[in-house]
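Have a look at the structure below, then the notes.
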Amino acid sequence: MRCFGTAMTSAPIAPAAEPQEGRNRYDFAAVEAKWQQYWLTHKTFRAELTPGKPKAYVLDMFPYPSGAGLHVGHPEGYTATDIYCRFLRARGVNVLHPMGWDAFGLPAEQYAIQTGTHPAVTTQQNIATFRRQIQALGFSYDWDREVDTTDPHYYRWTQWIFLQLFEKGLASQAEIAVNWCPALGTVLANEEVSDGKSERGGHPVIRKPMRQWMLKITAYGERLLEGVERLDWPEGIKAMQRNWIGKSEGAEVDFDIENDLGKLRVFTTRPDTLFGATYMVVAPEHPLLGQLVTPEQKDAVEAYVLAAARQSERDRTDAGRPKTGVATGRSAINPVNGQRIPIWVADYVLGGYGTGTIMAVPAHDERDFAFAKTFGLPIVQVVSADGKPFESAQSAAFTEEGVAIHSSKFDGLTTAAFKKAITEQLVAEGRGEARVNYKLRDWVFSRQRYWGEPIPIYYPMDGAQAASSPEAVEAAVRSASARIRYDQPIAVLASELPLLLPETTDFQPTGDAEPPLSRCLGWRYFQKDGKWFARETNTMPQWAGSCWYYLRYLDPRNDQAPASKEAIDYWLPVDLYVGGAEHAVLHLLYARFWHKVLFDCGVVPTDEPFQRLVNQGMILGEDNEKMSKSRGNVVNPDVMLKEFGADAFRLYEMFMGPLEQVKPWATAGLHGTKRFLQRVWTLFDKPISEAAPEGDTLRLLHKLIQKVTDDTQNLRMNTAIAAMMGALNELVRLETLPRQVAETFAVLLAPYAAHLAEELWQKLGHGPSVSRVPWPSYDPALCIDDFLELPVQVNGKMRGKLMVARGTPAAELEALALADAGVLRHTEGKTIRKVIVVPDRMVSLVVS
RNA sequence: GCCGGGAUGGCGAAAUGGUAGACGCAGGGGACUUAAAAUCCUCAGCCCCUAGACAGGGCGUACGGGUUCAAGUCCCGUUCCCGGCACCA
């Protein structure tokens, strides 16, 4: 390979550092600053839509710019993608590699509440810090494509996508129970509640029905599930997505309530156990509960329902908790055998799943078994492994599949056959039907918060005509003489987007459930055609902006569409998406959902956004614990950069181990990568010879190209770096450095230690930039050695080594092996039973 | 409990079924230096034999079995660790 600088010689750039007297120290600080400046001003890594040129869209999960700044976990994935992108560019691929900010969210708003600083101000400060820190690492992002989810030019399109969902009937309002904390004056996420108290402050939290915007992600459940199969994602993440969607197939069955009180419908995945149903359970929130409870049981049931309502969803669903429940006093009729079975109410049945009612089969369901034991309810076995009845009373539920018993004419059927037969019979009798259920719930999409995208919806008002001002409208609403018609939502016209967040300094929660935007009266109430309207005052959750940012990068300044059709058609899908596993479910599921909706709208041509996903493993503290402020084991990248430089830092993060693996930080390790860079720098002080490399050096070079190419392609940066270190250890022994070796080494190093490689390239007499130099190729014939050291085993133990020429025939190898001194020691006086010779590999002898 | 991923020197790790520990960190010895840092050279899995070195031998990839001429790697079982989910009928 012969590489000469191709372009940009006219660019003003400082001369390469000259070797000084004595020891030539590599001044990483100066060199890194110089090249970062160069890349930025020359837009070296700008991505341009080039029809016909192969493309790669390599995406990092964009960060939430927190006040704490970057931590060492961020640059791990960013470094991996940066190396990969620089490598691909050198291989002639048109690479799109952008960065941006997921900047709406709670911390900025909390900070505003405490200090009065507007979230927009905090956010911009934090973004500036993050940008500075990320740029100091020398990543090859196309900064012209930077996006910020809080920028109205961005969230205009977030709102536009919401309107698409609204028009398709996928966004609607519902009264649902949320975790309301009166003391904090806010709704809390399930994760923020434990034991019925708020995580922060320990205030009581109640379940309170409130009007919420919901997105019907359940309508896409099957497609989201099925799409997982075609994705090149880690198996674990795919499993989590499947599990979250939670598809289960079964049947719904009607049970008549005695005294002609109607029917209760249950969902079951085991209709084959119908004969074993000995009682039923309805969820405490079941709508028919009030009608079916008997007068004697009314008080007890009401008390139970009240207690259940006080629990959070999370506590309700905490497995392993003792079973509780109350009999309703009423019974139902088992449709297959006419038996009267009691109906209970218990909180282990959830109102939101299936029909909110179950048939309990204690013999074959662990939960029902525990409940039946607690309350002394009958247990009837209807499935056995071998078709024979159980000998003794069960000590646990038998939940496996098996053969039916005690099920009249169905006895002897396997579980699968029974399910099919009984479902057909129930359908024929009009008592049930086959049914698929999903655990996936619709997405609660509204937040009672200020710092989020306003939902672009408004409502007509009754009784507000006379009002002369927003304040008067508000007064009328408060006195109940005017009413907001939430049942008649109107979409803001797409042409009127963005619907801007109003300026306010009033972020304090007030104790009622009204979002802060409700108090921006001049924004909330407006007149149109002489009538008053009220805007939606909930905002979108933080997930909204990150659901589609990968699209905006394609065409970030477009004010006609989220991105142009040409850009979308050219760049999509994302070829490689790298980020932490903490987003395994929510972000990745929500983004896939939106993408599929946009696919249905004809906006995107693919039905999945992220073809390939890689999770970088978490970096732990030096103490092997998760990094956290409270543990005091957080490593600050700024400090590391100052002492070791960006190249050494990046190299270390990659050298620590495989990208996907969890691994502990060790600052001492940075000495190694810094030393390596210094030694490379010193290597280039050797006299450069123009003669072509030959012999071992040539072989070394080609092996190195092969190894680095292979490993980089497969994101095995750790072993690529090890190979470069190994090669360096050989090259330092040379008297002079052949130009071809030096140039190739610089090009191979460039994706990994980009600043140093640029400097070396310049030092070799080339103009910038090494990033424009094509990746070297290798000759496979030069990657294999002429002479090999072959092991000889005797009875499986290594007893000798043969130095032989490649291709030495088996017979000759056998003769050599048998004559080897080390081997003879173990074969003397013994019989050779077997000789296995694998040419160019090894010789194995079996003796006795 | 279920799902996913792990377990290799003092530490991070490497190894198409074919010489376990490449590459690095930390460490020992040496050179340079007034000294230190930096740099360079060099040693190094554990154990036995040995005055020491060479040579040699034994044991070693969480544990127990198995397949194979040959197992860190493949198969069966077990333990422990990490991540996620967890009363979803």
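The figures that follow rest on heavy atoms only: side chains count, while hydrogens, waters and symmetry mates do not. Protein chains get the first letters and strands the later ones, always in sequence-line order, with residue 1 at the start of each.
Comparing the same atom, C1', in B:G72 and in B:U19 gives a spacing of 14 Å after rounding to whole Å. The P atoms of B:G17 and B:A53 are separated by 38 Å, rounded to the nearest whole Å. With both ends at atom C1', the span from B:C85 to B:C74 equals 31 Å, rounded to whole Å. Taking atom P in both B:A62 and B:A20, one finds a spacing of 16 Å when rounded to whole Å. Taking the P atoms as reference points, B:U73 lies 15 Å from B:U67, given to the whole Å. The separation of B:C76 from B:G83, taken at their P atoms, amounts to 27 Å, rounded to a whole angstrom. Distance noted for atom C1' between B:C41 and B:U79: 46 Å (whole Å). One P atom belongs to B:G58, the other to B:C49, and the distance between them is 15 Å to the nearest Å.
For the atom pair NE2 (A:H286) and OG1 (A:T355), the distance works out to 6.0 Å, reported to the nearest 0.5 Å. One finds the CE atom of A:M214 at 4.5 Å from the CD1 atom of A:I176 (value rounded to the nearest 0.5 Å). One distance of note links CG of A:N615 with CD of A:Q661; it measures 13.5 Å at 0.5 Å rounding.
If you check every strand for non-hydrogen atoms under 4.0 Å, A:R825 touches sugar and phosphate atoms only. Note on A:R833: nothing from the nucleic acid sits closer than 4.0 angstrom, heavy atoms only. Backbone-only contact: A:S248 has heavy atoms under 4.0 Å from sugar-phosphate atoms and none from a base. Within 4.0 Å of A:V349, counting heavy atoms only, lies at least one base atom of the nucleic acid.
In this entry the distance linking CH2 of A:W244 with C1' of B:C85 reads 9 Å, nearest Å. Between A:K439 atom NZ and B:C2 atom P there is a gap of 14 Å when expressed in whole angstrom units. Summarising the geometry, the separation between CG on A:L588 and C1' on B:C85 is reported as 16 Å, rounded to the nearest angstrom. Rounding to whole angstrom units, CD of residue A:Q678 and P of B:C25 are separated by 14 Å. Note: CZ (A:R679) to C1' (B:A38) measures 14 Å, nearest angstrom. For the pair A:D820 CG and B:U19 C1', the interatomic distance rounds to 13 Å; values are reported in whole Å. To the nearest angstrom, P of B:C23 lies 13 Å from NZ of A:K703. In this structure, A:E789 places its CD atom 14 Å from C1' of B:G18, rounding to the nearest Å.
For B:G10, the glycosidic angle deviates from 0 by more than 90°, giving an anti base.
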Using atom names, set out every protein N or O paired with an N or O of nucleotides 9-15 of chain B below 3.5 Å, distance rounded to 0.1 Å.
residue	atom	partner	partner atom	Å
B:G12	O2'	A:M656	O	2.5
B:A13	OP1	A:Q661	NE2	2.4
B:A14	OP1	A:N718	ND2	2.8

Polar atoms only, N or O, under 3.5 Å: list the protein pairs with nucleotides 66-71 of chain B and their distances.
residue	atom	partner	partner atom	Å
B:C69	OP1	A:K834	NZ	3.2
B:C69	O2	A:S844	OG	2.7

Listed pairs, N/O of protein and of nucleotides 58-65 of chain B, under 3.5 Å:
residue	atom	partner	partner atom	Å
B:G58	OP1	A:R799	NH2	3.3
B:G58	OP2	A:R799	NH1	3.2
B:C59	OP2	A:K797	NZ	3.3

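For A:W681 and A:F28, the gap between ring centers reaches or exceeds 6.0 Å. In this structure, A:F644 has its ring center closer than 6.0 angstrom to the ring center of A:H671.
Listed by chain and number, the residues in a side-chain hydrogen bond (donor to acceptor under 3.5 Å, both in side chains) with A:E812 amount to none (sequence neighbours excluded). Under the rule for a side-chain hydrogen bond (donor to acceptor under 3.5 Å, both in side chains), A:W344 has no partner lying at least two apart in sequence or in another chain.
For the 3.5 Å distance criterion, the side chains of A:Y438 and A:S248 fail to qualify, holding no donor opposite an acceptor. A:Y752 and A:T79 are not linked by any side-chain donor-acceptor pair at a separation below 3.5 angstrom, with hydrogens and angles left out of the test.
Paired runs in RNA chain B that reach 3 or more consecutive Watson-Crick or G-U pairs, where each pair keeps both distances under 3.5 Å, cover B:1-7 with B:79-85, B:10-12 with B:23-25, B:27-31 with B:39-43, B:45-48 with B:56-59, B:62-66 with B:74-78.
Between A:R733 and A:V843, the residue anchored closer to the 5' end of RNA chain B is A:V843, taking for each the nucleotide with the nearest heavy atom. Along RNA chain B, the nucleotide nearest to A:R675 and the one nearest to A:Y438 differ in position, and the one closer to the 5' end is contacted by A:R675.
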Note to self: Assess the residue pair A:R242 and A:E235 against the criterion (salt bridge (Lys or Arg N to Asp or Glu O under 4.0 Å)); give the C-alpha distance rounded to whole Å, side-chain angles, the decisive distance to 0.1 Å, and a yes or no.
What the structure shows: CA-CA 11 Å; A:R242 286 190 204 103; A:E235 207 36 60; 3.6 Å; yes

Note to self: Please determine whether side-chain contact (heavy atoms from CB on, under 4.5 Å) holds for the pair A:D623 and A:R631, giving the CA-CA distance in whole Å, both sets of side-chain angles, and the decisive distance to 0.1 Å.
What the structure shows: CA-CA 9 Å; A:D623 54 0; A:R631 285 206 179 81; 4.3 Å; yes

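Taking the charged nitrogens against the carboxylate oxygens, A:E249 and A:K419 have no contact shorter than 4.0 Å, which rules out a salt bridge.
Cation-pi check for A:K323 over A:Y348 is met; the charged atom lies under 6.0 angstrom from the ring centroid and within 45 degrees of its normal.
The side chain of A:N243 approaches B:C85 more closely than any other nucleotide in the set B:C3, B:A26, B:C85.
Between A:Y353 and B:A89 there is a side-chain N or O to OP1 or OP2 distance below 4.0 Å.
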